[in-house]
Amino acid sequence: MMFDASEIHVVPGLQLERPYHSIAQAIDAYYSRYREISLDLFANPELGRQEFYAVRTLAAELERLGFQVETGYCGMPTAFRADPPVINRGPKVALLPEYDALPEVGHACGHNLIAASCLAAAVGVLAVAPELKGSFTLIGAPDEETAAGKAELLERGGYPDIDYALSVHPGTENATRRQYRAASSFLVIFNGKTAHAAATPERGINALDALVDFYQAFRELRDAQPQAVSLNAVIREGGLKTNIIPDRCVAEVNIRTPDQAGTDIVTARIHELAEQAAARLGARVEYQPLQPKYREMKTDIPLVETYEANLVRLGVGYDISLKERTGSTDVANLSHEFPTIHPWMRIVAEGNPENISGHHRCFAEASASEFGHRQMLLAAKAMAFTVYDLLK
Ligand SMILES: [Zn+2]
């Protein structure tokens with residue numbers, strides 16, 4: 001079922017059946033606390049791996065709600081796990097709070113709302129917990145933005161007992177199945193040989209020349225890619241002084257492709273280009289990976305259908321189209337391990353006249369807005385209903 005993407009409405013006289021009604025009531029009653037915590041995180045933005053205030057705040061609230069909280073989970077200082085007071089046997093669903101912010105623009109990706117909506121969803125599920133044939137947990141991972149915190153937590157064995165996972169990302173539209181792309185970044189390091197640039201340039205090997213040759217070839221490759229592939233590079237180091245032939249120059253490359261296999265193919269081609277450029281000038285080239293790789297999102301269809309049915313239950317419209325040019329998320333790494341979804345909920349007001357996107361200052365404003373909070377409360381309800389459906 002699909003509604004107009006821009007349309008959000010509460011069906012007049014909307015009546016929820018009993019379990020859903022109890023969940024929604026508990027979440028509504030939690031609204032002011034949810035908003036307070038979200039705005040508190042918003043006012044205290046922290047970069048990835050430094051989210052100590054956020055983790056303290058979320059852990060204190062979860063403990064107040066009766067959860068057993070473990071911070072420093074799996075040896076990651078700003079990861080945590082929170083298990084509810086009563087754990088029923090059966091499948092286990094993970095909610096995935098995020099709480100890292102960006103430099104300069106703070107919570108311009110709205111992770112304050114991801115964290116708070118997971119809390120609100122947890123409050124809703126607690127209201128029906130005795131009826132569940134299974135359990136749920138919150139697993140908070142650091143640094144979604146730059147170093148795929150969930151990928152590292154996964155490698156450290158942070159999701160050993162999880163059967164399903166979900167969280168909702170604030171967005172510019174209600175879209176449930178966006179295809180997040182695989183992404184990886186690495187450094188291309190050219191090593192040459194220093195020499196006096198004016199007196200004995202012939203004794204040097206100019207690493208900057210090699211890098212620039214590489215960049216030109218890279219640019220041709222970039223421009224020949226289809227829409228679904230994004231290649232970007234910046235020069236990190238380009239030499240020190242004009243009177244020294246540079247012996248070390250460094251480019252940073254980022255690749256996004258529809259899937260991991262595509263990333264591997266493009267990476268191999270970029271390595272070839274770098275090696276050809278180096279060889280022409282007698283330089284050497286090496287590579288340094290910058291972050292765990294973000295994998296492509298594998299949205300679980302039965303799970304997303306359950307979530308969508310709950311949006312319908314709440315009278316919320318949504319769009320199921322995929323789109324080719326999308327960002328990446330570390331939630332995608334989990335989606336290869338167990339059924340996972342990571343839909344968007346629109347938090348920018350009607351029409352999005354300024355074409356706002358995530359990481360934009362205006363998106364930060366939306367992440368603190370009353371509208372954004374109302375919308376993500378709907379997402380919290382849809383998540384809690386979905387957990388109930390999975391475990392009833
Ligand atoms: Zn984000």
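Note that the structure is predicted; figures quoted are calculated from it, not measured. Order of listing sets the numbers, starting from 1, for every ligand and every atom in it.
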N, O or S atoms of the protein lying under 2.8 Å from the Zn ion (ligand 1):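 N, O, S partners closer than 2.8 Å: Cys109 SG, His111 NE2, His169 NE2.
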Parallel, tilted or perpendicular: rings of Phe190 and Phe214 (30°, 60°):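 Because their plane-to-plane angle lies in the 30° to 60° range, the rings of Phe214 and Phe190 count as tilted.
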Ring centroid separation His271 to Phe186 under 6.0 Å: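 Yes - the distance between ring centres of His271 and Phe186 falls below the 6.0 Å cut-off.
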Phe385-Tyr388 aromatic ring centre distance below 6.0 Å: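 Ring centroids of Phe385 and Tyr388 are no less than 6.0 Å from each other.
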Geometric cation-pi criterion Arg346 and Phe371, 6.0 Å radius, 45° cone: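 Output no; distance or angle outside limits.
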Cation-pi, Tyr20 ring and Arg313 (6.0 angstrom, 45 degrees):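 Verdict for Tyr20: a cation-pi partner in Arg313.
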Could you go through residues 119-142 and list every donor-acceptor pair under 3.5 Å that involves a side-chain atom there, pairing it with any protein atom two or more places apart or in another chain?
{"residue": "Glu131", "atom": "OE1", "partner": "Arg18", "partner atom": "NH2", "Å": "3.3"}
{"residue": "Thr137", "atom": "OG1", "partner": "Ala82", "partner atom": "O", "Å": "3.0"}
{"residue": "Thr137", "atom": "OG1", "partner": "Asp83", "partner atom": "OD1", "Å": "3.0"}

